[in-house]
Amino acid sequence: MSQPFYITTPIYYVNSKPHIGHAYSTIIADALKRFYRMAGRDTYFLTGTDEHGDKVVRAAQEAGMNPKSYADEISDMFRALWPELGIEHDQFIRTSYPEHQKVVQYVLQRVYDTGDIYFSEYEGLYCFGCERFYTEKELVDGKCPDHKTAPEKISESNYFLKMSKYQDWLANHIKKNPDFITPERYRNEVLAFLKEPLEDLCISRPKTRLQWGITLPFDDKYVAYVWFDALLNYISALGYPDGELFKRYWPVAHHIIAKDILKPHAIYWPIMLKAAGIPLYKHLKVHGYWNVDESKMSKSIGNVVDPLRIKNTYGSDPFRYFLAREMAFGLDSNFSESALIQRINSDLANDLGNLFSRSVSMIHKYFGCVVPKPVSGVETDLDSALAEDAISMVKTAQKEIEGFAFHKGLMSIWEFINKLNKYIDTNAPWSLAKEKGGRARLQTVMYNVMEGLRIVCGMIFPFIPATSQKMRKYFGLDPDRIFTLSDLSEWGGLKPGVVVPKAIALFPRVDVKKGGDVSLTVKPEIEFKDFETLDLRAGIVLEAEAIPNSKKLLKLKVDIGEERQIVAGIGASYAPADLIGKKVIVVANLKPTKLMGVLSQGMILAAVSQKRCYVPTVQGDVEPGTKVS
RNA sequence: GGCGAUGUAGCUCAGUCGGUUAGAGCAUACGGCUCAUAUCCGUAGUGUCCGGGGUUCAAAUCCCUGCAUCGCCA
């Protein structure tokens, strides 16, 4: 049996839809799985969803659903997304599965029996509106930030895990195993955290305030804390304690996570395993955040990038390539559609796609669709240099991928792609084809080009598998089988005589409209009922005057069936007199406010670009107060 | 407030143990080629290596200090 390789993503919390960060973790895991398959390892790839806890209950309430159907819906979104992105996980686990719940209860009981879980009462500040405890520092002026009410001091009894007992052991383990948590900055962060005394972990929630969870086996009045439940997915999915998968793939796990869930994975999880007498996972690999257009991704800014939309617009492989190429694993990176388009056009279409296209069409033109045989006796230093470059590229890329430096691995592959382009230009096959006696050399050159491409095709497989599979048949290979690293470590694997299909554009160029901003960030989708909350009315501007000491503000009197005073920031683009008599569109139910001390009872719609604004008007004979929708 | 990371070309970043003239890609300009997806190849640049101080024959690199951004902790 070959050496096992077990890779996991976090199980994603179902309180919100998939975003680009989820896509990154999962794509990286997929690429690693593919890479280690090529290396001949016995691989297993797990992903899934985390579904319990009060945040899910609240998100479900907001959506007007019960937690179970809400979790089903979001979980299905994740499950449906992964095939779209070319991801081939071996298992999709949900914490709502009975098999998982059984394992959680088994482990809880096991730890309870060792005496590391104790029952205790504690006092805290509880907001009944939020149904949760707050710490002092979370409060604003001593009040709940959501409900603006003072939380009440209540006491509650709960079960706790003795973390402190394992603190020194864990710190030592991390110190002794430098590759336990990587990159180093996160390892240091955890070690710094462990210098302070660890508080015991509250691992239960009373059912009086949370029912959506797994019942404690030793006290049915409580459910398990969501992290204690969720982390165990990594072994419950393998059928712990007796499953074949568990015996085969534990504990050689690589857990991939983003930095926001470092603490549960680096501290709670090892201690849980230790307390339950289970061997520790081997590696925790921590990556950074994706910012979007230079700002933090957040629901309130409305800049959350929907991976499915990107895939539908640009294709799965370009998206995968961009994510893997652009982020230095461990550091934050920036996502923008203009950067994505630039990568697609320069790296994928121009460098690789065009190289492939020019090479294949020369095989057609000069050799009637058949890979020629290299001729001995006409080799030059250029040929041996190319072969050496190919072999060393494979070695370098392998080393970088194993070290999670995916961007560097891809860079080394693309350096070789550039060398192939240069090799073609230097040897100028189109000239050889015309020269008398150039035939032997032409055969050799074109064989080498195709052989180089074969190796590229193999090395890009982990990152852009669909493209790699498309390319395979040009080398006479079965698209459904995969390369092994040893196939790629030797020059000359390509068989002369292979029939090469007609050239295709692997990556169409993305047209960038001149001067236009290519990246369109759309706010999150809304329901029609959300739109209906707006009350838009046609109105006629009766009066308009500038507000003193303000550059942009105008005070308007608008008839919308009743007279409204509205302050509008359009003074830089419109003179007051221009507006009088215009039929404008007014947001009639906007909460009144004061701008520079002047009351404004509504808002006028305007298209705003950086320099100017344009007020849309209603054409035709429309009564003031007419609804606009 | 404590700890840590980062700061290098217009942009994104690499830069090993302190050691030649600080590099790559993208973008820009010019030249070449015609097999190719208006692609490819070549040439050309531009630098207060965040500021200040120190150690050294020699500092982007080591030390101190200030600033900025970010993270963890309180």
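Throughout, protein chains are lettered first and strands after them, A, B, ... in sequence-line order, and every chain is numbered starting at 1. Quantities reported herein were computed from a predicted structural model and do not represent experimental measurements.
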Q) Is it true that a side-chain atom of A:R439 and a backbone atom of A:A433 form a donor plus acceptor pair closer than 3.5 Å? A) no
Q) If you measure only the distance, is there a donor-acceptor pair under 3.5 Å linking the side chains of A:E326 and A:Y321? A) no
Q | Inter-nucleotide C1' distance (B:G25, B:U34), Å rounded | A | 26 Å
**Q.** A:K195 or A:E415, whichever maps to the more 5' nucleotide of RNA chain B
**A.** A:K195
Q) So, is A:R358 near the phosphate of B:U37, with a side-chain N or O under 4.0 Å from OP1 or OP2? A) no
Q: Look at the side-chain N and O atoms of A:K259 and state whether any lies under 4.0 Å from the OP1 or OP2 oxygen of B:G71.
A: no
Q) Under 4.0 angstrom, heavy atoms only, what part of the nucleic acid is A:D351 near: base, sugar-phosphate, or nothing? A) sugar-phosphate
Q) What is the distance, rounded to the nearest whole Å, between atom CG of A:L191 and atom P of B:A5? A) 14 Å
Q) Whole-Å distance between B:C40 P and A:L355 CG? A) 10 Å
Q.
Assuming nearest nucleotide by heavy-atom distance, tell me which of A:A328 and A:E189 is located more 5' along RNA chain B.
A. A:A328
Q.
Counting only side-chain nitrogens and oxygens, does A:K419 get under 4.0 Å of the OP1 or OP2 atom of B:C41?
A. no
Q | Selection: residues 424-443 of chain A, any non-hydrogen atom under 4.0 Å of RNA chain B | A | A:D425, A:W430
